[in-house]
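Below, all heavy atoms of this structure are taken into account, side chains as well, without hydrogens, waters or symmetry copies. Order of the sequence lines sets the chain letters (A, B, ...), proteins ahead of strands, with each chain counted from 1.
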There are 2 protein chains.
Amino acid sequence: MKDNNDMPGHLARRFQQIAVAVFLAEVGEAGFDLTPVQYAALATIKANPGLDQVTLAGLIAYDRTTITGVIDRLVQKGLIERRASPRDRRARELEITDEGRRALRKITPAVESAQRIMLRGLSAKEGEELMRLLRKAIAAGNELSRAPLRE
Amino acid sequence: MKDNNDMPGHLARRFQQIAVAVFLAEVGEAGFDLTPVQYAALATIKANPGLDQVTLAGLIAYDRTTITGVIDRLVQKGLIERRASPRDRRARELEITDEGRRALRKITPAVESAQRIMLRGLSAKEGEELMRLLRKAIAAGNELSRAPLRE
DNA sequence: CGATATTGCTCAGTATGCTGACTATCAGTA
DNA sequence: TACTGATAGTCAGCATACTGAGCAATATCG
C-alpha cells in the first residue's frame, strides 16, 4: 500500500497549501489583503494593459468562471477598472489603477520573501531544480485541466 | 520583473490544478465519483480504524473545519460510518464500511494511473527527484499552514 | 445575406480551504 | 470539588476551482 508521501498528487496539495499560507502571512504582514490569485491577476493586468478576461485567464491558467469573482474583488478594492471593450461588445477590458500600481509596488518585497520562505528547506540549487521539474511536469500536463495556459 | 514561471507559489498552484484534474478524470473513467481529498481520507480511515476526526485531519494535513464536510460526503455515499466515541463524548469515531472497502479496492488502479499521468513529462528519475524535493520543502514548511501534518 | 458555429462572459451548484467564533466536554489543579 | 484551560467538533463567512448551462455578440461559410 502506497503511502501518501509517495503520491505526487498529495505532495502537490501539501506544497500548495503551504505556499498559500506563506504568501498570505507575508503579504498580510506588509499590511495588504491580497490573495496569491489576486496578486497574479493584478500583476498580469499591469503587464498587459487593456486585455480582456479570457486572455487574462489564459495567461495565468485560471478558469473563466473563477476569474469573474477575482476581478470583482480587485475592482471592489479599487486596484483595477473593468470597462466594456469598444471593439467587441461581449468583452471587458481590464486596466490597473494608480492605486493598483502603488499596491503592486509596495507588495513586491513581501511576495519575493514568500517565495524564499516556501523553499527554505531547500538549497538554492535544489530550489532551482524543483522549479525546473515543476515547469516540465506542468508543460506536459497543460492540456489536462480545464484552465490551461494560453500565451 | 519576475515571471510567473519563476514563482514556486505559482508553479505549485498549476501543478496541483493539473493533479486534481487528472485524478478526477481517471477515477471518473473507472466509474467512481470521489475527489482526491475524499480518497485520501477514505484510505486513511481504512488504515486506522476507529480514529477520530482531529487525528484523521492531522494524518493528511487537512483543516479541522474542512474535514467535517469531507466526512459528511463520505458518510452520505455510504463509504464510512461516523459514531460517537464511547470514551470521549466530544469525539466521533470513523470506520470504513464494506462498501467503502470495495470502492477503495476498485479505485486503486485509477489512482495509481493518475499519479503516473501527472508525472508523464518527467523521466522516472526526475519524478523521484521531484517527489524528494517536494517532501523536503513540505517538511520544512509543515508548521506554516493552519493544518500541519501530525503523526 | 442568412443560418450556424464560436466566443466572451455570467450564473447556479458543488467541493475544498481558511478565519474566527461557539458549544460541549474533558483534564489538571488549587 | 470548583475553577481554569485545553480539546473535539461545528458553524458562518469568504475565496478559490470546477461542471454545466445559458445569453449576447461576433465570425464563418454556404
Problem set entry | A:Q53 vs C:dT7: side-chain N/O to OP1/OP2 distance below 4.0 Å | no
For this session: For D:dT19, take OP1 and OP2 only and decide whether either is under 4.0 Å from a side-chain N or O of A:R146.
Result: yes
Exercise. At under 4.0 Å between heavy atoms, what does A:D63 touch on the DNA or RNA strands: base, sugar-phosphate, or nothing?
Worked result: base
Exercise. Going by number, which of residues 13-32 of chain B have a non-hydrogen atom under 4.0 Å from DNA chain D?
Worked result: B:R13, B:Q17
Problem set entry | Contacting residues from residues 69-79 of chain A, given that a heavy atom lies under 4.0 angstrom of DNA chain D | A:V70, A:R73
Exercise. Taking NZ, NE, NH1 and NH2 as the nitrogens, is one of them in B:D6 or A:R135 under 4.0 Å from a carboxylate oxygen of the other?
Worked result: yes
Exercise. Angle, rounded to 10°, between the helical axes spanning five pairs at each terminus of the helix from C:dC1-D:dG30 to C:dA30-D:dT1?
Worked result: 10°
Exercise. Looking at A:T35, does any N or O in its side chain come under 4.0 Å of the phosphate oxygens OP1/OP2 on D:dT16?
Worked result: yes
Exercise. For atom CD of B:E29, is the number of surrounding heavy atoms from other residues, nucleotides or ligands below 6.0 Å larger than 12?
Worked result: no
Exercise. Base, sugar-phosphate, or nothing for B:T65, non-hydrogen atoms under 4.0 angstrom?
Worked result: base
Seminar exercise, completed: Of the candidates C:dT16, D:dA8, D:dA24, the side chain of A:R90 sits closest to D:dA24
Exercise. Relative to the 5' end of DNA chain C, which residue comes earlier, B:R64 or A:V54, by the nucleotide with the nearest heavy atom?
Worked result: A:V54
For this session: Take the protein atom CG of B:L51 and the nucleotide atom C1' of D:dA8, then report the distance between them rounded to whole Å.
Result: 13 Å
For this session: Starting at CD1 of A:I45, measure out to CD of A:E95 and round the result to the nearest 0.5 Å.
Result: 9.0 Å
Exercise. Are B:V75 and B:L104 connected in a single hydrophobic cluster, I mean Ile/Leu/Val/Met/Phe/Trp/Tyr linked by side-chain heavy atoms less than 4.5 Å apart?
Worked result: yes
Exercise. Just checking A:R89: base, sugar-phosphate only, or nothing, at a heavy-atom cut-off of under 4.0 Å?
Worked result: sugar-phosphate
For this session: Could you tell me whether B:R87 and B:E93 have a side-chain N and a carboxylate O separated by less than 4.0 Å?
Result: yes
Problem set entry | side-chain hydrogen bond (donor to acceptor under 3.5 Å, both in side chains) assessment of A:D52 paired with A:T55 | CA-CA 6 Å; A:D52 65 298; A:T55 305; 2.5 Å; yes
Problem set entry | The single option from B:R83, B:E81, B:Q53 passing side-chain contact (heavy atoms from CB on, under 4.5 Å) against B:R92 | B:Q53
Exercise. Do other residues, nucleotides or ligands put more than 12 heavy atoms under 6.0 Å from A:D33 CG?
Worked result: no
Problem set entry | Upstream residue (5' side of DNA chain D) when B:D88 and A:S145 are each assigned their closest nucleotide | B:D88
Exercise. Just how far, in rounded Å, is P of D:dT16 from CG of A:L42?
Worked result: 13 Å
Exercise. Which whole-number value in Å describes the distance from B:I67 CD1 to C:dA15 P?
Worked result: 15 Å
For this session: Measure the distance from CG on B:D33 to P on D:dT19 and round it to the nearest whole Å.
Result: 13 Å
Seminar exercise, completed: Rounded to whole Å, CG of A:L56 lies from P of C:dG8 at a distance of 13 Å
For this session: Kindly indicate, with the supporting measurements, whether the criterion side chain to side chain contact (heavy atoms under 4.5 Å, CB included) is fulfilled by B:R14 and A:N142.
Result: CA-CA 9 Å; B:R14 292 272 288 125; A:N142 189 46; 2.8 Å; yes
For this session: Could you check B:R132, B:E126, B:M131 and say which one makes a side-chain contact (heavy atoms from CB on, under 4.5 Å) with B:E128?
Result: B:M131
For this session: Would you classify A:T66 as touching base, sugar-phosphate or nothing, given that sugar-phosphate means primed atoms plus P, OP1 and OP2, and contacts are heavy atoms under 4.0 Å?
Result: base
Problem set entry | B:N5, CG atom: more than 12 neighbouring heavy atoms under 6.0 Å | yes
Exercise. Between atom CZ in A:R92 and atom C1' in D:dC23, what is the gap in whole Å?
Worked result: 13 Å
Exercise. Counting side-chain heavy atoms from C-beta on, which of C:dA15, C:dG8, D:dC18 comes nearest to A:D52?
Worked result: C:dG8
Problem set entry | Check ion pair A:R150-A:E143 (N to O, under 4.0 angstrom) | yes
